[in-house]
There are 4 protein chains.
Amino acid sequence: MAPTTQQPVAPDQAAPPATPPRGKGRPRSAAADLAILDATREALAELGWGGLTMGDVATRAGVAKTTLYRRWPSKNELVVDAVASLFDELEMVDLGSLRADIEAVVAQFATLLARPETQAALLALFAEGSRDPQLRRRIRERIVEPQKYLVQQGRAQAQSRGELGPDLDEVTAAEEIDIIFDTIAGTVEHRLLVSGRPITPAWIHRFTTLLLSPLGHPQEAG
Amino acid sequence: MAPTTQQPVAPDQAAPPATPPRGKGRPRSAAADLAILDATREALAELGWGGLTMGDVATRAGVAKTTLYRRWPSKNELVVDAVASLFDELEMVDLGSLRADIEAVVAQFATLLARPETQAALLALFAEGSRDPQLRRRIRERIVEPQKYLVQQGRAQAQSRGELGPDLDEVTAAEEIDIIFDTIAGTVEHRLLVSGRPITPAWIHRFTTLLLSPLGHPQEAG
Amino acid sequence: MAPTTQQPVAPDQAAPPATPPRGKGRPRSAAADLAILDATREALAELGWGGLTMGDVATRAGVAKTTLYRRWPSKNELVVDAVASLFDELEMVDLGSLRADIEAVVAQFATLLARPETQAALLALFAEGSRDPQLRRRIRERIVEPQKYLVQQGRAQAQSRGELGPDLDEVTAAEEIDIIFDTIAGTVEHRLLVSGRPITPAWIHRFTTLLLSPLGHPQEAG
Amino acid sequence: MAPTTQQPVAPDQAAPPATPPRGKGRPRSAAADLAILDATREALAELGWGGLTMGDVATRAGVAKTTLYRRWPSKNELVVDAVASLFDELEMVDLGSLRADIEAVVAQFATLLARPETQAALLALFAEGSRDPQLRRRIRERIVEPQKYLVQQGRAQAQSRGELGPDLDEVTAAEEIDIIFDTIAGTVEHRLLVSGRPITPAWIHRFTTLLLSPLGHPQEAG
DNA sequence: CTGTAAGCGAGACGGTACGTCATGTCTTATT
DNA sequence: AATAAGACATGACGTACCGTCTCGCTTACAG
């Protein structure tokens with residue numbers, strides 16, 4: 001790893017709602033947490049966001065509604081947590097070249113977004129998040145940031161390989177990461193979820209070309 | 001094929017649900033349609049998708065629920081129609097260069113997406129559309145295709161200016177339009193609605209550079 | 001009937017909650033009212049006050065909970081109305097003597113209080129009424145006053161027969177009616193519902209004797 | 001049978017649920033019992049029967065719900081015990097004449113029934129008791145019988161004074177006590193709790209006259 | 001003096017009913 | 001035939017208590 005490279009740190013990627021500060025009474029059942037999240041994902045895939053009801057999730061999980069509400073104040077927060085774990089499977093591998101790395105991660109992302117529970121959940125969460133700043137923050141922490149971290153990682157790998165020059169300054173680097181991240185995530189989501197067209201290896205190749213082409217014109221970037 | 005061949009045609013951009021075939025009894029009030037759509041946009045901006053109720057829209061519009069349901073079968077279709085007209089203000093102007101044209105349309109789109117009723121509606125519609133194929137079709141017809149048409153227009157303008165070569169074949173052209181469209185729409189939406197960061201002229205400049213850079217490396221594209 | 005006798009007027013003894021002032025929309029289903037009151041009495045007899053739930057009443061009546069709540073704001077008011085009609089069967093007959101009249105009405109009252117739905121309802125209503133002045137007023141209007149009216153009637157009959165002298169003044173007459181009424185109703189209820197002992201013809205005879213004995217000592221009464 | 005024969009014995013008038021047979025572990029806190037009963041009476045006066053919840057009582061008493069349920073199986077039994085002690089204050093004094101004795105005890109009873117916790121509790125208990133035979137038995141033991149004992153006492157006092165003749169036979173005596181008791185208790189309760197009218201010295205005088213008048217016509221009684 | 005058995009506060013648990021709300025349909029009378 | 005008004009069946013909502021359960025901690029008697 002290059003000497004001055006930014007030292008990205010993966011944000012925490014799990015942890016149920018919040019650990020109760022101290023245990024006085026009966027401790028919360030850990031099994032219930034898992035059962036609820038599983039039930040949420042299952043219901044989500046079957047019924048979609050609109051069809052998902054708290055009561056149904058509770059029933060599927062073999063849990064009382066109260067137990068559910070004790071942990072998650074609303075459908076939104078519940079689904080964030082239930083869905084967030086799906087994104088844990090995304091990972092940046094080092095395939096030896098920037099193009100290969102990008103294509104791999106785009107393919108991973110596309111595969112993930114093709115799953116019905118992800119489709120139903122992701123846009124719905126974004127939609128709700130556009131109204132509720134707290135939810136938006138939670139989405140960002142649990143879903144978006146972990147994804148962005150992949151871009152940081154890929155960039156660092158490319159720098160250590162010498163494909164990219166070192167960061168000129170932190171601000172510019174952050175902006176570059178932002179724009180690349182929004183472009184990858186936004187474009188893939190839009191094609192799959194809005195345009196409703198499949199993401200093929202050929203499409204990935206062409207899209208990666210688009211992403212990589214500025215590297216031949218470094219003077220224009222920024 | 002001649003350079004200017006592609007003869008894009010703007011799809012119909014308005015028209016309330018469907019004109020009743022012929023009038024026997026009392027004709028439908030045209031004023032009601034407008035009042036309903038206005039009320040929908042107003043309620044949408046105030047309450048967001050989740051807070052919007054049919055009863056409330058009817059009350060705001062000074063109309064009975066019956067009247068509302070007679071015209072639009074559900075909340076989804078109503079909001080599509082109410083929101084679609086907002087997108088009519090997008091238009092491709094000819095500023096003399098491809099970069100300027102792109103920057104202008106991106107800026108327009110960003111401005112539109114900054115309005116609260118658009119924010120509330122767009123992602124919510126996409127979310128609902130991911131479950132309901134009919135709604136998806138309707139969204140595509142009324143909202144997505146008119147936007148994609150702008151890309152076609154811009155491309156045609158650039159070709160007529162000589163900035164872009166003529167279409168090699170129709171399929172490739174359509175694919176190029178698709179990828180550019182998904183990239184522009186997806187990226188702008190993701191930055192504004194998911195990442196929650198503003199779209200500034202500087203960002204537009206950098207993003208446009210990304211879009212334009214493949215043009216300097218035509219051998220790599222595709 | 002004697003010339004100056006007080007002219008008692010039976011209070012209204014039925015009428016669902018309140019007639020909606022004027023009918024603009026769809027009128028309320030009269031069948032629903034009856035079905036609900038029947039269902040209430042049925043559920044009351046089966047499950048008692050504590051076991052009676054609004055949801056269950058609605059289901060039995062084949063009616064939505066909303067419909068039920070639209071008419072009666074709470075279990076209390078509903079049961080008042082459901083039970084009040086049971087008391088309509090009480091009536092003062094003229095058997096030719098004061099003793100016979102009293103014994104007849106006490107027997108009627110005892111028979112009514114032996115029915116399970118009456119037992120379950122009456123004390124529960126009184127209990128709730130001890131907290132809620134509005135409910136108390138309603139109970140008084142719909143249940144208590146119609147009973148007291150029987151005492152007035154019996155007194156008037158006895159006066160017209162000459163068994164009782166005419167009223168000396170209105171206040172004293174009202175007080176006498178009150179004390180007789182509270183004694184009859186309270187004693188019968190206490191024996192049946194609290195002491196839990198049956199009311200037999202012999203008991204009625206002895207109790208009536210108690211009620212009538214002051215008539216031999218008119219100088220002491222008052 | 002000799003005049004003073006009847007040897008009435010006052011039933012036990014207190015004692016928390018049941019003393020655990022023998023102590024192995026930590027003994028139950030006696031303070032908790034008192035705190036719970038106090039809290040119950042307090043909550044009863046404030047919130048009435050319907051508003052009283054076990055959790056609230058526990059909180060007021062500074063006690064865990066478990067502790068409460070370990071001692072009383074349900075709200076009913078708890079309230080019986082909490083209220084029963086209120087009736088301990090009733091006592092038959094010897095004022096030298098039957099009329100004075102009756103008027104005194106009626107006044108005591110009326111005063112007791114004027115207290116809000118008594119009002120809230122008494123009818124509610126009777127109501128619940130009309131469904132639950134076990135509760136009814138408990139009410140009878142703890143509340144009703146101690147009251148009836150006062151009638152026995154008063155009767156015995158009058159007999160020892162010579163105001164009343166000796167018992168003819170036990171059955172008739174018991175029936176007379178029953179009828180007098182139901183009449184006093186029922187009438188006072190009905191006037192206060194159902195009719196909702198105050199009990200004044202004048203009313204007590206008139207009511208006592210009613211009770212005493214059969215004594216002037218012994219041939220009719222029975 | 002150390003088990004061990006019960007009591008205790010706390011609070012999570014599976015339930016059940018609550019009373020409210022929005023949906024989309026229906027019945028009126030009116031236009 | 002369309003309209004405004006509003007009743008209707010349905011079904012989810014989020015809350016409140018219920019009575020039970022599991023914790024970790026005192027007590028107190030027993031060996």
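Every chain is numbered from 1, with letters handed out A, B, ... down the list of sequences.
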Any carboxylate oxygen within less than 4.0 angstrom of a Lys/Arg side-chain nitrogen, looking at [X] and [Y]?
X      : Y      : answer
C:D33  : C:R28  : no
D:R60  : D:E46  : yes
D:D132 : D:R136 : no

Just compare E:dG7, F:dA5, E:dG9 and give me whichever is closest to any side-chain atom of D:R70.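 Nucleotide nearest to D:R70's side chain: E:dG7.
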Can you tell me how far [atom2] of [N] sits from [atom1] of [X], to the nearest Å?
X     : N      : atom1 : atom2 : result
B:R71 : F:dA1  : CZ    : C1'   : 12 Å
C:I36 : F:dA7  : CD1   : C1'   : 12 Å
D:L47 : F:dA16 : CG    : P     : 15 Å
A:K24 : F:dT26 : NZ    : P     : 10 Å

Can you name the nearest heavy-atom pair linking C:A120 to C:G48, along with the distance?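 Heavy atoms only, the tightest pair is CB-CA, 3.9 Å.
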Out of C:R138, C:K75, C:R71, C:R41, which one pairs with C:D81 under the salt bridge (charged side-chain N to carboxylate O under 4.0 Å, His left out) rule?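 Filter result, single survivor: C:R138.
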Heteroatom pairs (N/O) under 3.5 angstrom, protein to nucleotides 17-20 of chain F:
residue	atom	partner	partner atom	Å
F:dC18	OP1	D:M54	N	3.3
F:dC18	OP2	D:M54	N	2.9
F:dC18	OP2	D:G55	N	3.4
F:dG19	OP2	D:Y69	OH	2.7
F:dG19	N7	D:K65	NZ	3.1
F:dG19	O6	D:K65	NZ	2.9

A:I36 vs A:W72 side-chain heavy atoms within contact, under 4.5 Å: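 Touching, per the 4.5 Å side-chain cut-off.
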Output yes when at least one side-chain N/O atom of A:R28 is less than 4.0 Å from OP1 or OP2 of E:dA10, else no.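 False: A:R28 side-chain N/O out of range (4.0 Å or more) of E:dA10 OP1/OP2.
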Specify the residue among B:V63 and C:A32 whose closest nucleotide of DNA chain F lies further upstream toward the 5′ end.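 Residue closer to the 5' terminus by nearest nucleotide: B:V63.
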